[in-house]
**Q** 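After the structure tokens below, expect a handful of questions from me.
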Amino acid sequence: MPKTLFKVDLKKPMAEQVVVGHNRWHPDIPAVVSVKPGDVFRIECKDWTDGQIKDNDSPLDVRDVELSIVHVLSGPIEVAGAKPGDILVVDLLDIGCLPGDEWGFTGIFDRKNGGGFLTDHYPDAAKAIWDLHGIYATSRHIPGVRFAGLTHPGLIGCAPSQDLLNKWNKREAELISTDPNRVPPLANLPNPKNAVLGSLKGALSDRVSKEAARTVPPREHGGNCDIKNLSRGSRIYFPVYVDGGKLSMGDIHFSQGDGEISFCGAIEMSGFIDLHVDIIKGGMAKYAMLNPIFKPGPVEPHHSEYLIFEGISVDEQGKQHYLDAHVAYKRACLNCIEYLKKFGFTGEQAYLLLSCCPCEGRISGIVDIPNACCTLALPTSIFEKSILPT
């Protein structure tokens with residue numbers, strides 16, 4: 001087994017760990033460990049909420065989750081010799097649960113606390129707990145469903161440079177200024193409340209906490225991309241913006257559907273990741289890299305039969321939009337939810353299920369004016385009973 005370079009105690013918050021990780025992005029957060037190109041090692045991770053969600057039947061913890069705490073990340077990891085302009089090559093060798101913590105959760109966030117893709121239709125908090133049996137997941141809150149997980153880190157990336165961080169904060173502040181009172185907000189700006197910044201102390205910590213970017217969205221460095229195919233055997237190519245790269249990760253998902261539509265929408269869990277790292281010198285210029293590139297691994301659950309739901313760029317009020325894939329995918333999801341309600345699922349159960357089961361989202365047509373066509377492919381084998389029309 002690879003040596004564990006970052007351990008977590010599930011009974012303690014990230015700020016009280018022996019080695020403290022972080023929940024913000026900033027180039028001045030110190031690395032917790034250094035590795036060399038070619039090294040293989042293990043990193044342990046807490047769930048993204050830092051243990052706020054419990055294995056019970058009440059959704060109140062999802063309703064009341066403190067979002068200034070998320071996401072708690074393990075790292076940063078310095079890779080010796082990595083310089084700005086290089087590419088950091090990261091192989092995901094293995095991913096799994098921590099012993100004794102073989103469960104996960106999926107949540108619908110309350111509209112006032114972030115909401116989700118369908119918050120206009122499902123504004124209240126809900127929760128499903130999943131029991132993880134090896135590669136399979138079942139839930140007492142969504143009976144009649146069983147599927148294998150495609151386990152992956154929802155969040156992994158390198159630290160930004162100060163210049164890149166400044167660009168993030170500027171453009172996101174400009175976006176918020178267009179509708180400053182929107183609920184949920186258009187973006188999440190730096191917030192010192194509950195900032196965890198590794199070993200930083202004193203005045204430096206105070207400064208960094210006011211500048212550091214929130215971990216909520218994906219950006220040029222990777223981050224919270226929520227790509228379900230970044231599983232065992234995947235290779236990721238990250239742009240390097242600071243010396244050592246400063247790789248961090250967390251938000252492990254046992255399973256997730258394309259889009260993670262309920263926001264807290266994968267099967268969220270604690271876990272471990274085994275990694276191998278290498279460097280391509282000068283790779284960013286050589287390959288015109290702006291955002292990460294990845295090669296999926298060879299291991300994934302096999303689903304051969306799907307029921308596919310379409311959506312077009314016409315919203316729920318009947319208003320026509322122009323080639324709007326966001327509206328089209330929303331309508332595909334809503335069409336699927338309404339269909340599943342005919343088979344005994346509540347709308348909340350169906351919404352939670354589409355967020356975490358291995359469904360496939362696609363932009364099927366993006367040129368046929370005025371309607372984009374998006375599809376949601378639901379694997380039929382995950383259900384105990386047939387859901388096909390008869």
**Q** Distance-only, no hydrogens or angles: does the Glu44 side chain make a donor-acceptor pair with backbone N or O of Val8 under 3.5 Å?
**A**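 Here the side-chain-to-backbone pair exists.
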**Q** Salt-bridged, Glu172 to Arg214, with N to O below 4.0 Å?
**A**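 No, no charged N to carboxylate O under 4.0 Å.
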**Q** With distance as the sole test, does Ser355 use its side chain to make a donor-acceptor pair with the main-chain N or O of Leu352 at under 3.5 Å?
**A**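 Such a contact is absent between Ser355 side chain and Leu352 backbone.
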**Q** Check Arg362 with Glu360, please: is the shortest side-chain N to carboxylate O separation under 4.0 Å?
**A**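 Yes.
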**Q** For residues 126-151, pull every pair meeting side chain to side chain donor-acceptor pair (under 3.5 Å), keeping only residues two or more places apart or in separate chains.
**A**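 Non-adjacent pairs meeting side chain to side chain donor-acceptor pair (under 3.5 Å): Asp55-Arg140, Asn56-Lys127, Asp57-Arg140, Asp57-His141, Asp61-Lys127, Thr106-Trp130, His133-Thr138.
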**Q** Do Ser74 and Cys45 come within less than 4.5 Å of each other through their side chains, counting heavy atoms only?
**A**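 Ser74 reaches Cys45 side chain to side chain.
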**Q** Sequence neighbours excluded, which residues qualify as ring pair (Phe, Tyr, Trp, His ring centres under 6.0 Å) partners of Trp168?
**A**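 Checked Trp168 against ring pair (Phe, Tyr, Trp, His ring centres under 6.0 Å); matches are His221.
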**Q** So Asp315 and Lys319, salt bridge (charged side-chain N to carboxylate O under 4.0 Å, His left out) or not? Walk me through it.
**A** CA-CA 5 Å; Asp315 66 24; Lys319 180 181 177 181; 5.8 Å; no
**Q** Are any side-chain N or O atoms of Glu305 and backbone N or O atoms of Ser381, one a donor and one an acceptor, separated by less than 3.5 Å?
**A**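 No; judged by distance alone, with no hydrogens or angles, the pair does not exist.
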**Q** Run the numbers on Arg207 and Asp28 for salt bridge (charged side-chain N to carboxylate O under 4.0 Å, His left out), then give the verdict.
**A** CA-CA 10 Å; Arg207 175 182 65 80; Asp28 292 342; 2.7 Å; yes
**Q** Side chains of Gln256 and Cys356: closer than 4.5 Å at any heavy-atom pair?
**A**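 Side-chain contact under 4.5 Å: no.
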**Q** Decide, yes or no, whether a salt bridge links Glu220 with Arg171 under the criterion of side-chain N to carboxylate O below 4.0 Å.
**A**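 Counted as a salt bridge, because a side-chain N and a carboxylate O are separated by less than 4.0 Å.
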**Q** Donor-acceptor pair, distance only, cut-off 3.5 Å: does the side chain of Glu211 make one with the backbone of Val208?
**A**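 The answer is no, because no donor-acceptor pair under 3.5 Å joins these two groups.
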**Q** Could Glu338 and Lys341 be called an ion pair, given the rule that one side-chain N must be under 4.0 Å from one carboxylate O?
**A**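 Yes, this pair counts.
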**Q** Are any side-chain N or O atoms of Asp278 and backbone N or O atoms of Gly38, one a donor and one an acceptor, separated by less than 3.5 Å?
**A**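 Pair absent, no side-chain N/O of Asp278 close to backbone of Gly38.
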**Q** Leu354 and Cys336: side-chain contact (heavy atoms from CB on, under 4.5 Å), yes or no, with the steps?
**A** CA-CA 9 Å; Leu354 295 187; Cys336 183; 3.7 Å; yes
**Q** Regarding Glu268 and Lys46, does a basic nitrogen lie under 4.0 Å from an acidic carboxylate oxygen?
**A**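 No, this pair does not count.
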**Q** Mind jotting down which residue pairs meet the side chain to side chain donor-acceptor pair (under 3.5 Å) criterion with at least one end in residues 80-95? Sequence neighbours excluded, please.
**A**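 Checked against side chain to side chain donor-acceptor pair (under 3.5 Å) - neighbours excluded - the pairs reaching residues 80-95 are Asp86-Lys281, Asp91-Arg235, Asp91-His276, Asp94-Arg232.
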**Q** So, the side chain of Ser313 versus the backbone of Val327: is there a donor-acceptor pair under 3.5 Å, distance only?
**A**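 Not a single qualifying donor-acceptor pair exists.
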**Q** If every non-hydrogen atom of Val20 is compared with every non-hydrogen atom of Val32, which pair is closest and at what distance?
**A**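 So the minimum-distance heavy-atom pair works out to O-CG1, 3.7 Å.
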**Q** Measure centre to centre between the rings of Phe263 and Phe117, then say whether the value is under 6.0 Å.
**A**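 Ring centroids of Phe263 and Phe117 are no less than 6.0 Å from each other.
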**Q** Mind checking whether Glu310 and Cys373 have side chains closer than 4.5 Å, heavy atoms only?
**A**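 Touching, per the 4.5 Å side-chain cut-off.
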